[in-house]
Amino acid sequence: MRRFVVTVTALLMTCLMVLAVMYMTNIYIDLNPGKTPESFVCTSEDRILIRKDGEWQELEIRGVNMGTGLPGKWSTDYGINKAEYLRWFKEIKAMGANTVRIYSILADDFYNAFYEFNRNNPDPLYLLQGVWVNDYVQNSHMDALDPKFRDKLISDAVTMTDVIHGRRAIFVSDAYMGSGIYTHDISEWVIGYILGVEWEDVTVAYTNEMNPDKNEYIGEYVYTAPEATPFEAMLAETADRLMSYESSRYKQQRLVAFTNWATTDPFTYTEEVARFFRKCATVDVEHIRITDKVVSGQFASYHVYPYYQDYLSYMDRSKWDTLTQEPVDFSDCFGENGEVNTYRAYLKLLSAHHTMPVVISEFGVSTGRGIAQRDQNTGRNQGHMTEKEQGEALISCYEDIMAAGCAGGAVFSWQDEWFKRTWNTMHAIDMSRNPYWSDYQTNEQYFGLLSFDPGKYETVSYPDGDTGEWYGTDDAGGNTGGRLSDKDTVTAYDDGSYIGMKYDERYLYILAHVPGFDLDNDTIVLPLDITEKTGSNYFKEYGMKFEYPADFVLVLNGREDSQLLVQDRYNALNANYSMNITGKDIYMDPPDKDSPNFETIKMILQTSTMVFREGDLAMAETFETGRLRYADANPEHQDYDSLSDFFSNGDDIEIRIPWQLLNFADPSKMMIHDDYYDGNFGIRFIKTSSLRIGLGRAGQTERIPMGEFRLRGWKNKVEYHERLKPAYYMLKDYWNSDRSEDGGEAA
C-alpha cells in the first residue's frame with residue numbers, strides 16, 4: 001500500500017511539473033520542426049486580407065479600443081467580469097464593428113468571454129492584441145536596450161502568444177498585466193499584434209544616443225534596413241523573437257505592428273515646427289522588414305487624433321509634400337470656403353510614406369466638459385464636445401481615414417474610464433482617488449461610446465425642465481406641486497424663493513425656485529461658501545453682500561451670459577499656471593484673503609498658433625470653463641445636450657456643477673483645496689463637511705442670507721449605470737449602411 005501511495009504521488013507530482021512547464025514557462029518540444037507555419041490573415045500592398053470560406057477577402061478594420069476601467073476600480077484591478085464582456089461584445093458587434101483592440105494581456109475573463117462569443121459564431125469579432133510597456137520603465141533612467149526594458153518586452157510578447165493559444169497560467173503578474181488560467185485557444189480570431197505603447201520621444205532619442213553602434217538586427221523572420229536606428233533594431237528583435245516562438249511552437253503566424261503616434265512619426269519637419277513641438281525622435285517601421293519566412297505580414301499602427309499633434313497647421317501648405325518622397329494629392333483636404341482638413345492631409349502623408357497597410361489604431365474625441373486642446377481647423381477637439389458632436393466627429397474621422405487610403409481604424413474607446421487623468425486638471429485633484437468619482441472636467445475620462453452615469457438606476461436630476469425628481473410626480477407623471485422635502489431644502493426666503501441641493505458622483509445639483517423669474521430679463525446671484533480659509537462677503541462687480549464669505553458666485557444672466565465666478569484668492573488656475581498665462585509669479589503678490597474680486601474660471605490649453613507665428617514670448621492659451629451652458633440635459637429627450645449646465649421651467653431653475661469646478665479634489669471624501677498662499681505654495685487638500693449657499697437678485701442691497709448644506713461623500717462605494725451615448729447609435733447607423741461606393745465593404 002505504501003508503494004502504491006508513493007507511486008501515485010510521484011505520478012501526480014510529475015503531471016503537475018509537466019503542467020507547470022507547459023502553462024507557466026516558455027519551454028516546449030517542437031514535435032514537427034519541418035511544418036511550415038500557417039496564417040489566416042496576410043497583407044497585400046496597402047490592404048489587409050483574411051481567409052474566409054476558403055477565399056482571401058479584404059478586411060477593412062472597423063475597430064473599437066477597449067480598456068479595463070470600471071467606476072470604483074483602477075485599470076490594474078481588472079474588475080470587468082465575463083458577463084459584462086459578453087454584453088459589450090454583443091453591443092460592439094451590433095454597432096457594425098468587426099475588431100476589438102486591447103493594450104495588454106487582460107484577466108482571463110476577457111479571453112473566456114471572447115471565446116464564448118465567437119465559438120459557433122459565423123460572424124465573429126476579431127482581436128488586435130497588444131503588449132504593454134509600463135510607464136516607469138519608459139520614463140526611467142533606462143534606455144530601450146536595457147535588459148529591464150528590452151528583455152521584459154520580449155518576454156511579455158512571448159507570454160502573450162501563449163495566452164491567445166490557451167496555453168498559459170499567470171498567478172503573479174505586473175500591475176499592467178492581468179492574471180488567470182488561460183485555457184481557451186482564441187488564436188483563430190486574433191488577426192495581429194500591436195507591440196508597445198506611445199513611445200516617449202526622449203526615450204527613443206536617449207536609446208539612439210547611448211547605443212549608436214547597435215542599429216542592426218538580422219533575424220530569421222525580421223531584420224533591419226541600413227537606415228534603422230538602435231530603437232528600431234530593438235523593435236525588430238522583439239518582433240522576430242515573437243514570430244520565431246509562435247511559428248515554432250504553434251505553427252502559426254499573424255500580423256505584427258508597433259504602436260506609434262505623431263510625437264515619433266517618421267517625418268522630418270521644418271526647423272521651426274520641430275523646435276516648437278520639441279520633436280526630437282522618429283520611429284519608422286519601413287526600416288523594419290520581414291523575410292520570406294513570414295507568411296502573414298506587417299502593418300503600420302498609429303494613434304492619430306485631429307488635435308494632437310496638428311503639425312500641419314503650423315506649416316506652410318506648400319511644404320506639406322516635402323515630408324514624404326511619394327506624391328500626395330491634397331485637393332480633397334480643402335473646402336470651397338477656405339477651410340482646411342489637416343487631419344485628412346496628415347493621414348494621406350502617412351499612407352503615402354508606407355509600403356504596408358496603415359491602420360489608425362486610435363482615433364476619437366472626448367465628451368468631457370473640460371477641454372485640453374482645440375482642433376483649429378475642423379472643431380474636433382480634445383473635450384467639450386456634446387455626445388452628438390462626438391458621433392459626427394467619429395464618422396468624419398473615419399471617412400478621413402478611409403479617404404487617405406488606410407486599411408481601417410479603431411475608435412478610442414469603448415467605455416468611459418473614471419480613473420484617467422489629463423495634464424491640465426491633474427494639479428487640481430487627488431489622483432489617488434480618481435476611480436471613485438466622475439470628474440467631468442477631466443476630458444480623458446470621457447472618450448467612450450459607453451457612459452457610466454452616476455446612480456444605480458438613473459441620475460439624480462437632469463436640468464431638463466421636469467422637476468419631478470425634486471418635488472415628486474403624480475400618477476400621470478406630472479409634478480405634484482408640493483414643496484421640497486426637508487432633506488433637500490437648504491434655505492428659504494420670505495418672498496417664496498428657496499434653494500434645494502443634491503449630489504452624486506459627478507455633480508452638485510441645485511434647484512433655485514424664484515417666483516416670477518424671467519430668464520431673459522432677470523439676473524440672480526447664488527454665492528457659495530466652500531471653505532473658511534478664503535472668500536469674501538462682498539461681490540464688488542455687482543455691489544452685493546453675503547452673510548458668509550463666498551468663494552464662488554453663480555450668476556444666472558440669461559441663456560448666453562450665465563457663469564460661475566471664483567474669488568481671485570481661490571482661483572486654482574492662477575495658483576498653478578500664472579507664469580504660463582501672464583508671465584508673472586502670483587506668489588510674489590497674492591490676492592487678499594477677503595478680496596472682493598471674482599474672476600472667470602478658465603483652463604489652460606496648448607500655446608496658440610498666433611504666438612508661434614509671430615515668434616513672441618509664448619503665453620498659454622486658455623478656455624473659459626466657468627461659462628454655463630443653457631440646454632436640456634436629459635438623454636431621453638430629442639434636444640438632449642450632454643454639456644448642459646442649467647435649464648429653467650418657469651420659476652424653477654435646475655443647475656448642475658461638476659465637482660472640480662468648485663475646487664473639490666475628491667468629493668468621495670469631500671476633500672477640497674486649501675488656501676494656496678498660506679504656506680502651501682500650491683494645492684493642498686483639506687476636508688469639508690458642508691457648504692453654504694444663498695440666493696439674491698441683482699441690485700439687491702440687503703445682505704443675502706445663506707443656508708448650510710451637509711456633505712458626507714460616499715468614500716469607495718460608487719453607484720452607476722451604463723448608458724450608450726448617441727455617438728454609439730450614430731456610428732451604428734453609419735457602419736451598418738451601404739458604403740460600398742465610399743470605400744468598400746468590410747469582410
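Here the structure is a predicted model, which means the values were calculated and not measured.
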T625 versus Q441, side-chain donor and acceptor atoms under 3.5 Å: yes
Distance in Å, E387 CD paired with M730 CE, rounded so as to fall on 0.5 Å steps: 11.0 Å
Using the ring-ring contact (aromatic ring centres under 6.0 Å, His included) criterion, which residues pair with H384? Sequence neighbours excluded. F623
Rounded distance [0.5 Å steps], OG in S413 versus CD in E362: 8.5 Å
Does any N or O in the side chain of D464 come within less than 3.5 Å of the main-chain N or O of F647, such that one atom is a donor and the other an acceptor? no
Please list, chain by chain and in numerical order, all residues satisfying ring-ring contact (aromatic ring centres under 6.0 Å, His included) with F517, sequence neighbours excluded. none
Restricting to ring-ring contact (aromatic ring centres under 6.0 Å, His included), what partner residues turn up for Y509, sequence neighbours left out? Y507
T342: which residues meet the side-chain contact (heavy atoms from CB on, under 4.5 Å) condition with it, sequence neighbours left out? D310, L312, S313, W320, V340, N377
N663 side-chain N/O to Y570 backbone N/O, donor-acceptor pair under 3.5 Å: yes
Could you grab the distance from atom CG of L724 to atom OG of S451, nearest 0.5 Å is fine? 9.5 Å
May I ask you to decide if K388's main-chain N or O and Y640's side chain share a donor-acceptor pair within less than 3.5 Å? no
Taking ring-ring contact (aromatic ring centres under 6.0 Å, His included) as the definition, give me every residue that meets it alongside W261, ordered by chain and number, with sequence neighbours left out. Y308
Working to the nearest 0.5 Å, report the span between OH of Y446 and CG of D439. 6.0 Å
Looking only at atom types and distance, does a side-chain atom of E654 sit under 3.5 Å from a main-chain N or O of G465, one as donor and one as acceptor? yes
With side-chain contact (heavy atoms from CB on, under 4.5 Å) as the test, would you mind laying out the steps for Y493 and I704 before giving the verdict? CA-CA 10 Å; Y493 300 95; I704 297 176; 4.2 Å; yes
Sequence neighbours excluded, which residues qualify as side-chain contact (heavy atoms from CB on, under 4.5 Å) partners of T600? Q563, L565, K602, E624
Mutual orientation of the aromatic rings belonging to Y498 and H513 [parallel < 30°, tilted 30-60°, perpendicular > 60°]: parallel
Member of N443, D645, T442 meeting the side-chain hydrogen bond (donor to acceptor under 3.5 Å, both in side chains) criterion with R369: D645
Which pairs with one or both residues in residues 522-540 pass side chain to side chain donor-acceptor pair (under 3.5 Å), sequence neighbours excluded? T523-N557, K533-D674, T534-D551
For D585, the side-chain contact (heavy atoms from CB on, under 4.5 Å) test, sequence neighbours excluded, returns M579, Y587, M588
Should the ring pair F539 and Y542 be called parallel, tilted or perpendicular, given that the plane angle runs from 0 to 90° and is split at 30 and 60? parallel
Do side-chain atoms of N424 reach the backbone of I371 as a donor and acceptor pair under 3.5 angstrom? yes
Rounded distance (nearest 0.5 Å) linking atom OG of S461 with atom CG of L511: 7.5 Å
Worked verdict on N597 versus R569 for side-chain hydrogen bond (donor to acceptor under 3.5 Å, both in side chains): CA-CA 9 Å; N597 300 313; R569 175 86 178 192; over 6 Å; no
Quick one: do the Q309 and Y314 side chains pair a donor with an acceptor below 3.5 Å? no
Where the side chain of H673 meets the backbone of A665, is there a donor-acceptor pair that is under 3.5 Å apart? no
For residues 684-705, pull every pair meeting side chain to side chain donor-acceptor pair (under 3.5 Å), keeping only residues two or more places apart or in separate chains. S690-E708
Have Y462 and S644 got a donor and an acceptor in their side chains that come within less than 3.5 Å? no
Anything under 30° is parallel, anything over 60° is perpendicular, the rest tilted; go ahead and classify Y577 against W423. perpendicular
Those residues at least two apart in sequence (or on a different chain) that pass salt bridge (charged side-chain N to carboxylate O under 4.0 Å, His left out) with D430 are none
What salt bridge (Lys or Arg N to Asp or Glu O under 4.0 Å) pairs are there with at least one residue in residues 374-385, not counting sequence neighbours? R374-E621, D375-R380, R380-D400
Would you give the length of the straight line joining atom CD of Q373 to atom CG of L605, rounded to the nearest 0.5 angstrom? 8.0 Å
In terms of side-chain heavy atoms, does Y720 have a donor or acceptor partner in D416 at a distance below 3.5 Å? no
Has Q390 got a side-chain atom pairing as donor or acceptor with L449's backbone, closer than 3.5 angstrom? no
Which residues pass the salt bridge (charged side-chain N to carboxylate O under 4.0 Å, His left out) test with D678, sequence neighbours left out? K593
Counting only N and O atoms by type, is there a donor-acceptor contact under 3.5 Å from the side chain of E505 to the main-chain atoms of E719? yes
